[in-house]
2 protein chains.
Amino acid sequence: MSQTVDRALSILPLLAEGPADLGQVADRLGVHKSTALRLLRTLHEHGLVYRQSDQRYRLGARLFALAQEAMENLDIREIAHPHLTRLNESCGHTVHLAVYEEGEVLYIDKVESRYPVRMYSRIGKPVAITVAAVAKLLLADLPEAERRAVAEKLEYPLYTARSTPNAPAFLKELATVREQGWATDLGGHEESINCVAAPVRGADGRVVAAMSVSAPNVVVTADELLTLLPLVRRTADAISGEYSGRTPVTTPATTPDRDSV
Amino acid sequence: MSQTVDRALSILPLLAEGPADLGQVADRLGVHKSTALRLLRTLHEHGLVYRQSDQRYRLGARLFALAQEAMENLDIREIAHPHLTRLNESCGHTVHLAVYEEGEVLYIDKVESRYPVRMYSRIGKPVAITVAAVAKLLLADLPEAERRAVAEKLEYPLYTARSTPNAPAFLKELATVREQGWATDLGGHEESINCVAAPVRGADGRVVAAMSVSAPNVVVTADELLTLLPLVRRTADAISGEYSGRTPVTTPATTPDRDSV
DNA sequence: ATGAGCATTGCAACATACGCAACGTACTTG
DNA sequence: CAAGTACGTTGCGTATGTTGCAATGCTCAT
């Protein structure tokens, strides 16, 4: 809606692909070099863009700080965290918390497995949306129309033989998930990794987040992991209760352990 | 330099403090609501801003994706990573990699300790710049003038009794670090945690990054940690060699293990 | 029902962001 | 060593995009 700002912001994804010099930026924006220079300078002043020693531009450090602060301000994360660590303590596996936002699903918290094997996932990293158990829960709760729209627009990469192959299959899976109130990912993202997930709901019953427990086959089989389902659901429900204000902060030990030492 | 973009970008740090509605944004920017609305809409279209259910605005998911991509494009990180994991394998402690950028020092990679105790630090998180060993190395290498300017502008929070108290003390410490070519943080950030750090240098000898090994007192004493110094320096030098092209990718096993599974 | 508080729209006046062309500064090439 | 190329940078007149206003919708509480 604002041409100037629009152009300036278009520079960011462009630089995300890799460093670029003034000419390249101007070309890709379709504007004169002097215009691109002015925009880059403004971005630079705000720290969103950094000028490296060879004069080329790349994304700046302030982006990290912003992303970080954005995350810390999510109250669902704050409420959920102690529950997640407690769940991790009792089962030992990797625990994730994720939210949906305009077509994307992203992890907003993670407690690492206490087994030596680690999963590749990082807070802030967009989730493999077509296969992840948490993504299924979050998308399953969208209004019919939006759900269809999102499902159609997605790509369906075949990470493994068990990955969701296309939109119809995905929508069918979402219907099941919606029905049963929990979800799994059995080797759909990485052959040897399984997940069980449950939804966190707000006061109005809408799904505001989803949490999952993930473990590789080498540690527990899919069947064994599924036995954790009740525990996962109970944890998710506890978070829901607290988030929606029904449970007025139960345990006295809810405050301390934010951020593992 | 561009008023419109400048205003739009000023919204981001503002929202980083927490969600705000249109009126608040307009007020803090000192512009009319209609103006603020147009800017917010543009930010929204680019995914940098999200409109939550109560109509208030907060920072959006795209920020994470951008920060993520920005990080993956840092070639120093790519080169260093296998060395960091190898170092972690041989000593077991937490290993960090950090860079300096316009007044800030930030972690760009981290390999977790193999001991049960974890440190609170996160990739992308700004470093405690006045005390961290890596920060000392990075700042010590700045040109005299810039170093002084930065040191003067910093705040010196007293995390512990051993924290750097003020600018003169900091500059003195930087001089020492510059001299000896390595740095430590002995309980300056958290009472019980010590670090040893060494610089990574580019072809021209300038410090481009710094790496450190950190461990809590309960695992090893400061003296014991210091015995790792030669190993840390050797690792840093190996990275330097590879980064500056002197060592044309030594080990055949340099390619695989990006991102632990 | 009535009003307050908020987001939203259309529009005319003006400020500002635009592209141009000229200059400066490396770095190459004959 | 001089001419040439390829950048980034600057100043400036003009047109275009942005601004603030005032009026309209919308939602919620009284």
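Here is the naming used below: chain letters follow the sequence lines, and residue numbers restart at 1 for every chain.
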- Item | Backbone of A/D54 reached by a side-chain donor or acceptor of A/Q52 within 3.5 Å |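 Checked: no pair found.
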
Nucleotide of [options] approaching [X] most closely (side-chain heavy atoms):
X	options	result
B/S2	C/dA17, C/dG19, C/dA7	C/dA17
A/L39	C/dC18, C/dT8, D/dG8	C/dC18
A/H32	D/dT10, C/dG19, C/dT8	C/dG19
A/V31	C/dA7, D/dT9, C/dG19	C/dG19

- Task: Mark yes when over 12 heavy atoms from residues, nucleotides or ligands other than A/E155 sit less than 6.0 Å from its CD; otherwise mark no.
- Result: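 No - once you tally the heavy atoms of other residues, nucleotides and ligands closer than 6.0 Å, there are 12 at most.
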
- Message: Using a distance-only criterion (donor-acceptor N/O pair, under 3.5 Å, no hydrogens), is the base of D/dG20 paired with the side chain of B/S34?
- Response: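 Present.
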
- Any donor-acceptor pair under 3.5 Å between the side chain of A/K33 and the base of D/dG8?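 Yes.
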
Is the shortest side-chain N/O distance from [X] to OP1 or OP2 of [N] below 4.0 Å?
X	N	value
B/T4	D/dG17	no
A/Q3	D/dG17	yes
B/R7	C/dT16	no
B/R38	D/dT19	yes
B/T35	D/dG20	yes

May I have the distance from [X] (atom [atom1]) to [N] (atom [atom2]), rounded to whole angstrom?
X	N	atom1	atom2	answer
A/Q24	D/dA6	CD	P	14 Å
B/R41	D/dG17	CZ	C1'	16 Å
A/R51	D/dC7	CZ	P	13 Å
A/L22	C/dG19	CG	P	12 Å
A/M1	C/dT8	CE	P	12 Å
A/L43	C/dA17	CG	P	13 Å
B/R56	C/dC6	CZ	C1'	14 Å
A/Q55	D/dA6	CD	C1'	12 Å

If the threshold is 4.0 Å, N to carboxylate O, is there a salt bridge linking [X] and [Y]?
X	Y	answer
B/R206	B/D204	no
B/R41	B/E45	no
A/E104	B/R62	yes

